[in-house]
Amino acid sequence: MSVPVTSSVDVPTPSAPGALPLIGHGHRLARDPLPFITSLREHGSADMNAITLAAFLVALFGADLPGQLAGEFTALMPAIMEGTIRQTILPAWVTRLPLPMNRAHAQRVARLRALIDQAIDHHGADRATSAETAGCPHADTARGEERPGLFATLLAAEDSLGRQQLQDEAITLLTGAIETTGTTLAWTLYEITRDPGIERRLREELGSVCGDRPLRYEDLDQLPYSRRVLQEAIRKYGPAWMVTRTAARDVELGGHRIPRGADVVWSPYLHQHDPDHFPDPDTFDPDRWTPERAPDTRGSFLAFGDGRRKCIGENFAWAELQIILATVLQTWPRFALTSRPPRAQAVVTVKPDEMTMTFLSPSAEA
């Protein structure tokens, strides 16, 4: 899913990506999102999945991941995501057949594991360098500017994980955190272009909190309307349209007996369009999440799951979504849809089949 963005100015800009944080440390995400977003003026286009992937790679591996590695991750992940959903939908025996699509997916996953190994080795080399420079009077200052990722924490843990476990954790996080966020941002921008009132309220709220300065982590709780807009985009457009579970024991569900070992398929997308819980479900209405109306939907918003299986990255996702949306609004005073209205299609997520926007820069407004 791409959201190409064109700009009417050509100015030297910092290179992407900007530094973004480790899960659970959203304040780092707020430090410098503007260099990444503004650098898009130079490159001429922005893909919301590419932005969220860049953010998450830094969150996972730190800000010093070599560009060549980051580029391979970026090129590989879309195909990995498509293969993953196909493997989820098809019966297990089909995924084990020596079909071209199965072989191609296995080769991509093997390459992804190799890339993760290279990232681990890069971390190991950095730790060795840090140890060698421990006596340098400038070392503490340099280390203070570093932004280690989640892997630095895992590698330093007392009960260390093996290579296979580290690879598995990284694959789980990467496949679960990229397209969902990118798709949500794309649909949010689309809904903003459809309703000037929503855009006006977002900009007024952001201006009252930040003025002309960039957003800070401590500002997030002061942006309730921004949170409601994003939550409504998640409700209306998924992004997860199908979830599967395997019954651990015989169980009766809705009057149907489900035997142990059976696969159960459930759609959060359909649930969040249920008019019994969400009146007029096809209408984009951020105010359905106000404190006065939200109790009517309590227990019905399950985009991040619930209970023991609830998404571990939910807090990170909210911080990332709010900061990227605020940065887009601060960077560009106006943007408009230039393609036809997109149609929703269920692939890995419920994503737009096509969406192109024009973003107007501040200097062009003047």
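Here the structure is a predicted model, which is why all the values come from computation and not from measurement.
A donor-acceptor distance shorter than 3.5 angstrom exists from the side chain of Glu232 to the backbone of Asp285, with no hydrogens or angles considered. Side-chain atoms of Thr290 come within 3.5 Å of backbone N or O of Asp287 as a donor-acceptor pair. Under the 3.5 Å distance criterion, the side-chain polar atoms of Gln167 are left unmatched by any main-chain donor or acceptor of Gly162. In this structure, the side chain of Thr358 does not engage the main chain of Ala336 through any donor-acceptor pair within 3.5 Å. Thr331 contributes no side-chain N or O that, together with a main-chain N or O of Val328, makes up a donor-acceptor pair within less than 3.5 Å.
Around the CG atom of Asp280, the shell of radius 6.0 Å holds more than 12 heavy atoms that belong to other residues, nucleotides or ligands. Counting heavy-atom neighbours within 6.0 Å of Arg340 CZ, excluding the residue itself, gives a total above 12.
Aromatic pair Tyr269/Trp241: ring centres not closer than 6.0 Å. Residues Phe304 and Trp318 bring their aromatic ring centres within 6.0 Å. For Phe73 and Phe61, the distance between ring centers is under 6.0 angstrom.
Minimum heavy-atom separation, Cys210 to Gln330: CB-NE2, 3.7 Å. Residue Met355 comes nearest to Pro352 through the heavy atom pair CE-CG, 3.4 Å, listed as atom of the first residue, atom of the second, then distance. Of all non-hydrogen atoms in Val243 and Pro268, the two that sit nearest each other are CG2-CG, 3.7 Å. The two residues Thr181 and Glu320 make their nearest non-hydrogen contact at CG2-OE1, 3.6 Å. The minimum heavy-atom distance between Leu206 and Ala326, with the atom names listed, is CD2-O, 3.5 Å. Scanning both residues, Gln222 and Glu218, for their nearest heavy atoms gives NE2-O, 3.7 Å.
With a 4.5 Å cut-off on side-chain heavy atoms, Tyr190 and Tyr237 count as touching. Residues Leu60 and Leu57 have side chains not in contact (no heavy-atom distance under 4.5 Å, counting atoms from C-beta outward). You'll find the side chain of Ile198 reaches within 4.5 Å of the side chain of Val229, heavy atoms only. Residues Asp219 and Arg213 have side chains in contact (heavy-atom distance under 4.5 Å, counting atoms from C-beta outward). Within the 4.5 Å cutoff, the side chain of Pro66 has no heavy atoms near those of the Gln118 side chain. Using a 4.5 Å heavy-atom cutoff, the side chains of Ile323 and Leu220 are in contact. Considering only heavy atoms from C-beta on, Pro279 comes within 4.5 Å of Arg288 through its side chain.
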Side-chain polar contacts of residues 251-261 - donor-acceptor pairs under 3.5 angstrom, sequence neighbours left out - could you list them?
| from | atom 1 | to | atom 2 | distance (Å) |
| --- | --- | --- | --- | --- |
| Arg257 | NH2 | Asp250 | OD2 | 3.1 |

Can I get a per-line list of side-chain donor-acceptor pairs under 3.5 Å for residues 99-112, giving both atom names and the distance, sequence neighbours left out?
| from | atom 1 | to | atom 2 | distance (Å) |
| --- | --- | --- | --- | --- |
| Asn102 | OD1 | Gln87 | NE2 | 3.2 |
| Asn102 | ND2 | Val94 | O | 2.8 |
| Asn102 | ND2 | Thr95 | O | 3.3 |
| Asn102 | ND2 | Leu97 | O | 2.9 |
| Arg103 | NH1 | Pro98 | O | 2.5 |
| Arg111 | NE | Glu72 | OE1 | 3.1 |
| Arg111 | NH2 | Glu72 | OE1 | 2.9 |
| Arg111 | NH2 | Glu72 | OE2 | 2.8 |

Should Ile116 and Glu169 be marked as a side-chain contact (heavy atoms from CB on, under 4.5 Å) after you check the CA-CA gap, both sets of side-chain angles, and the distance that decides it? CA-CA 10 Å; Ile116 293 168; Glu169 293 297 331; over 6 Å; no
Checking side-chain contact (heavy atoms from CB on, under 4.5 Å) for the pair Thr244/Val264: CA distance, chi angles, key distance, verdict? CA-CA 6 Å; Thr244 61; Val264 180; over 6 Å; no
side-chain contact (heavy atoms from CB on, under 4.5 Å) between Leu202 and Ser226, worked out: CA-CA 6 Å; Leu202 282 169; Ser226 168; 4.0 Å; yes
Please walk me through it: do Thr246 and Asp263 pass side-chain hydrogen bond (donor to acceptor under 3.5 Å, both in side chains)? CA-CA 5 Å; Thr246 301; Asp263 290 328; 3.0 Å; yes
Could you give me the CA-CA distance, side-chain angles and deciding distance for Lys236 and Glu191, then say whether salt bridge (Lys or Arg N to Asp or Glu O under 4.0 Å) is met? CA-CA 11 Å; Lys236 184 178 179 182; Glu191 290 291 349; 3.0 Å; yes
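To the nearest 0.5 Å, atoms CD (Gln322) and CG (Leu223) are separated by 6.0 Å. Here the straight-line distance linking atom CG of Leu321 with atom CD of Gln231 works out to 11.0 Å at 0.5 Å rounding. Between Arg293 atom CZ and Arg228 atom CZ the span is 10.0 Å, to the nearest 0.5 Å. Put simply, OG on Ser339 and CG on Leu337 are 4.0 Å apart, with the number rounded to the nearest 0.5 Å. The CD1 atom of Ile234 lies 7.5 Å from the OG1 atom of Thr188; values are rounded to the nearest 0.5 Å. Note that the CD1 atom of Ile192 and the CG atom of Leu325 stand 5.0 Å from one another [nearest 0.5 Å].
Remark: Arg235 is not positioned above the aromatic ring of Phe301, lacking an NZ or CZ atom under 6.0 angstrom from the ring centre and at most 45 degrees off the axis.
Checked by atom type, the side-chain pair Glu204/Tyr225 shows no donor-acceptor distance below 3.5 Å.
Between His271 and Trp266, the ring-plane angle classifies as tilted under the 30° and 60° cut-offs. Ring pair Trp289/Phe278 is tilted by interplanar angle, where 30° to 60° counts as tilted.
With salt bridges taken as basic N to acidic carboxylate O contacts below 4.0 Å, none links Arg201 and Asp195. Taking a cutoff of 4.0 Å between a charged side-chain nitrogen and a carboxylate oxygen, Arg203 and Glu199 qualify as a salt bridge. A salt bridge between Arg163 and Asp121 is present, with a side-chain N of the basic residue lying under 4.0 Å from a carboxylate O of the acidic one.
The salt bridge (Lys or Arg N to Asp or Glu O under 4.0 Å) contacts involving residues 77-98 comprise nothing, where partners must be two or more places apart or lie in separate chains.
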